[in-house]
Amino acid sequence: MGDSAWVGTWRPHRPRGPIMAHFTSPGPKYSIQGTTGYLKHNPTKRKAPAYTFKGARPLLHEACSPGPRYYVEPSMTRKGKETAPAYTMCGRPNVKTEVTPGPSDYSPEKSKKHVYESAPVHSISFRTRSFSVDSTPGPGAYTIPRVMGPNTVDKTASPCYSMKWKSKLGRFDEDLHKTPGPAAYKKTEVDVYKKRAPKYSMSSRTKPAGTVRHPGPGDYYPGKVTLTKPCAPVVSFGIRHSEYTMPLIVDVY
């Protein structure tokens with residue numbers, strides 16, 4: 001075909017990359033992972049084990065292990081040393097304690113109860129010093145629980161009834177107002193508002209009897225009594241008075 005069949009300067013040529021118009025699918029942007037090798041293997045498929053050969057490591061400047069210069073004994077295993085027991089003869093060690101117990105310090109006969117079976121043996125010993133003050137309760141400190149009555153420990157008790165005094169609450173003499181009663185007031189004496197009769201009392205002696213002198217029967221003269229019997233005029237001689245004495249004048253109105 002000549003150039004006259006084409007219009008313009010465009011001519012058909014090979015495309016530089018894939019064109020979406022040439023494909024009916026989403027295009028080559030999606031790729032299916034392969035099933036060979038171990039890089040980008042399809043995860044839905046089984047992958048066989050892969051082995052690689054790697055080159056030798058470079059030599060180290062300083063050795064990090066002791067090397068074959070140490071000899072390992074054949075009796076040494078991974079679990080430890082495995083050999084038969086061996087004994088050696090050596091000298092007696094130096095003991096600082098010079099006094100050692102002799103044969104008489106031991107009691108071989110007492111070892112029977114540790115080697116052979118024996119019955120229990122009890123001995124009575126004196127009281128030790130630490131228990132000089134016995135603070136434990138004795139037999140009298142305990143009481144056996146009773147088996148009668150309502151307060152029993154291990155027995156079934158029947159119902160019990162008791163007689164009790166009457167309660168003060170709700171009684172006829174209950175003081176609901178909490179006010180004082182007639183006995184709380186002091187009784188007024190009758191002599192306060194009525195005539196009082198004379199009262200006599202016997203008092204004690206005012207002075208001691210030993211210091212007061214009373215007249216006896218010999219101090220009286222019954223024959224000279226002139227108050228109850230008629231008597232003749234009696235003249236007596238009196239003392240001489242002074243002439244300058246003023247006579248007593250009693251004015252009788």
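Because the structure is a prediction, the values reported are computed rather than measured.
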**Student:** Atom NZ in K47, atom CG in N42: separation rounded to 0.5 Å?
**Tutor:**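 Those atoms lie 11.0 Å apart.
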**Student:** Using distance only, find each side-chain donor-acceptor pair of residues 74-86 under 3.5 Å and give its atom names and separation, not counting sequence neighbours.
**Tutor:**
| unit_1 | atom_1 | unit_2 | atom_2 | d |
| --- | --- | --- | --- | --- |
| T77 | OG1 | K79 | N | 3.4 |
| T77 | OG1 | G80 | N | 3.4 |
| T77 | OG1 | G80 | O | 2.6 |

**Student:** Identify the heavy atoms of H41 and T35 that sit nearest to each other, and give their distance.
**Tutor:** NE2-O, 3.0 Å
**Student:** For P120, enumerate each residue passing the side-chain contact (heavy atoms from CB on, under 4.5 Å) test, keeping only those at least two apart in sequence or located in another chain.
**Tutor:** H122
